[in-house]
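Here, residue 1 is the first one in the sequence, and each next residue gets the next number. All values below were derived from every heavy atom in this structure, side-chain atoms included, with hydrogens, water molecules and symmetry-related copies excluded.
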Amino acid sequence: MSENPSSAASTVVRLPRYTKAEQDEILGDGDDPFGVAATGLTWLPKEEHFGIRHGDRLVAHAGLLRLPVAVGGVETEVVGVGGVAVAPDMQGQGLARLVVTAALDHARTMGPEHALLFCRPPLVPLYQRLGWHPLDKDVLVEQPEARLVTMPLRTMVTPLRDNAYWPSEQVRLFSLPM
């Protein structure tokens with residue numbers, strides 16, 4: 001596969017922070033920039049941020065957060081990936097691949113053996129091309145007021161270590177989703 005000239009010239013940088021204004025810079029200031037408001041979920045902010053700038057403009061972002069989970073009753077941790085965004089006028093240029101790959105390179109230094117993300121069904125093929133695998137079991141996530149709900153979005157996983165094994169079991173996230 002040939003690399004798009006725009007993505008070849010793009011460099012991913014670690015961002016010291018990621019504000020609502022920076023998110024708006026990428027996605028606009030709409031009420032539902034990620035298309036997930038209908039889920040009614042409350043989300044955690046990410047702690048590590050990676051972005052791509054074109055000139056002075058931030059055009060792509062991916063965030064990371066280390067989270068406790070149980071897979072089939074066995075407690076462990078994952079690196080949650082979220083807030084993945086590419087400016088609409090920059091999509092199709094390989095920027096999602098670049099920013100997610102850079103974020104995962106850092107995630108490999110964080111300890112957990114797997115990364116986990118939640119996405120809308122139309123984005124599943126994109127993430128599959130990036131090496132992610134959809135889970136076939138329900139994922140339970142915490143919500144305010146001690147509620148435990150089934151994640152309505154598609155959950156995907158990718159290994160961060162060679163020979164990392166993800167069992168085909170129910171997953172419970174011991175936090176809000178990322």
Check: What pairs with E169 under salt bridge (charged side-chain N to carboxylate O under 4.0 Å, His left out), at least two apart in sequence or on another chain?
Finding: none
Note to self: Pair F118, L173 - check side-chain contact (heavy atoms from CB on, under 4.5 Å), show working.
What the structure shows: CA-CA 12 Å; F118 303 114; L173 189 60; 4.2 Å; yes
Next item on the list: Under the side-chain contact (heavy atoms from CB on, under 4.5 Å) rule, what do L135 and V171 come out as? Steps first, then yes or no, please.
Entry: CA-CA 9 Å; L135 298 185; V171 176; 4.0 Å; yes
Next item on the list: For residues A103 and L64, report the shortest heavy-atom separation together with the two atoms involved.
Entry: O-CD1, 3.2 Å
Next item on the list: Say whether V149 and V36 are linked into one hydrophobic cluster, either directly or through other cluster members, by side-chain heavy-atom distances under 4.5 angstrom.
Entry: yes
Notebook entry, point to check: Side-chain heavy atoms under 4.5 angstrom apart, residues restricted to Ile, Leu, Val, Met, Phe, Trp, Tyr: same cluster for L95 and L117?
Noted result: yes
Item checked: With sequence neighbours excluded, residues passing side chain to side chain donor-acceptor pair (under 3.5 Å) with D162 -> none
Next item on the list: Using atom types as modelled and distance alone, determine if a side-chain donor or acceptor of K46 lies under 3.5 Å from a backbone N or O of M178.
Entry: yes
Margin query: Show every side-chain hydrogen bond (donor to acceptor under 3.5 Å, both in side chains) that has at least one partner inside residues 137-154, sequence neighbours left out.
Written below: E142-R172
Check: So do V59 and S10 actually touch side chain to side chain, heavy atoms under 4.5 Å?
Finding: no
Next item on the list: Could you list all the side-chain hydrogen bond (donor to acceptor under 3.5 Å, both in side chains) pairs where at least one residue sits in residues 103-126, not counting sequence neighbours?
Entry: D105-R108
Item checked: For the student: nearest non-hydrogen atoms of S168 and D136, plus distance -> OG-OD1, 3.1 Å
Notebook entry, point to check: If you round to the nearest 0.5 Å, how far is OG1 of T101 from CZ of F50?
Noted result: 12.0 Å
Note to self: Any non-hydrogen side-chain atom of T155 less than 4.5 Å from a side-chain atom of P134?
What the structure shows: no
Notebook entry, point to check: Hey, what do you get for OG1 (T158) to CH2 (W166), rounding to the nearest 0.5 Å?
Noted result: 11.0 Å
Check: Can you find a pair of side-chain heavy atoms, one from R17 and one from T19, that are under 4.5 Å apart?
Finding: yes
Item checked: ILVMFWY network linking V99 to L104, side-chain heavy atoms under 4.5 angstrom -> yes
Checklist line | salt bridge (charged side-chain N to carboxylate O under 4.0 Å, His left out) involving E47 - partner list, sequence neighbours excluded | finding: none
Check: Which hydrophobic side chains are connected to L148, either touching it within the sub-4.5 Å cutoff or through other members that do?
Finding: L140
Notebook entry, point to check: Going by heavy atoms in the side chains, are L153 and C119 under 4.5 Å from each other?
Noted result: no
Notebook entry, point to check: Do M110 and L44 share a hydrophobic cluster (ILVMFWY, side-chain heavy atoms under 4.5 Å, transitive)?
Noted result: no
Notebook entry, point to check: Do you know the tightest heavy-atom contact between L41 and P152?
Noted result: CD1-CD, 3.8 Å
Checklist line | Close side-chain approach of R129 to L126, heavy-atom, < 4.5 Å | finding: yes
Checklist line | Over all atoms of both residues, closest heavy-atom pair of G80 and L67 | finding: CA-CD1, 4.3 Å
Next item on the list: Name all residues meeting the ring pair (Phe, Tyr, Trp, His ring centres under 6.0 Å) criterion together with F34; count only those two or more places apart in sequence or in a different chain, and write none if there are none.
Entry: none
Check: Considering all heavy atoms of both residues, which atom of V12 and which atom of A102 are nearest to each other, and what is their separation?
Finding: CG1-CB, 3.4 Å
Next item on the list: Report the residues that fulfil salt bridge (charged side-chain N to carboxylate O under 4.0 Å, His left out) with R57, sequence neighbours left out, ordered by chain and then residue number.
Entry: D89
Check: What heavy-atom pair brings A60 and V86 nearest, and what distance separates the two atoms?
Finding: CB-CG2, 4.1 Å
Notebook entry, point to check: Given the rule in the side-chain contact (heavy atoms from CB on, under 4.5 Å) test, do L176 and V141 qualify, once you have shown the distances and angles that lead to the verdict?
Noted result: CA-CA 6 Å; L176 298 173; V141 299; over 6 Å; no
Checklist line | All pairs passing ring-ring contact (aromatic ring centres under 6.0 Å, His included) where residues 62-92 contributes a residue, at least two apart | finding: none
Item checked: Set of residues satisfying salt bridge (charged side-chain N to carboxylate O under 4.0 Å, His left out) with respect to R161, sequence neighbours excluded -> none
Checklist line | Pair listing, side-chain hydrogen bond (donor to acceptor under 3.5 Å, both in side chains) test, anchored in residues 60-70, at least two apart | finding: H49-H61, R66-E77
Check: Linking I/L/V/M/F/W/Y whenever any side-chain heavy atoms sit under 4.5 Å apart, do L130 and L123 land together?
Finding: yes
Check: Tell me the side-chain hydrogen bond (donor to acceptor under 3.5 Å, both in side chains) pairs involving residues 33-44, sequence neighbours left out?
Finding: none
Margin query: So L58 and L15, do their side chains get closer than 4.5 Å, heavy atoms only?
Written below: yes
Next item on the list: Quick one: do L98 and I52 satisfy side-chain contact (heavy atoms from CB on, under 4.5 Å)? Show the steps, please.
Entry: CA-CA 9 Å; L98 285 174; I52 298 173; 3.9 Å; yes
Check: Given side chains that start at C-beta, do those of V139 and V69 come closer than 4.5 Å, heavy atoms only?
Finding: no
Margin query: One thing to verify: whether E25 and K20 come together as a salt bridge, which I'm taking to mean a side-chain N less than 4.0 angstrom from a carboxylate O.
Written below: no
Item checked: Close side-chain approach of L116 and V79, heavy atoms under 4.5 Å -> no
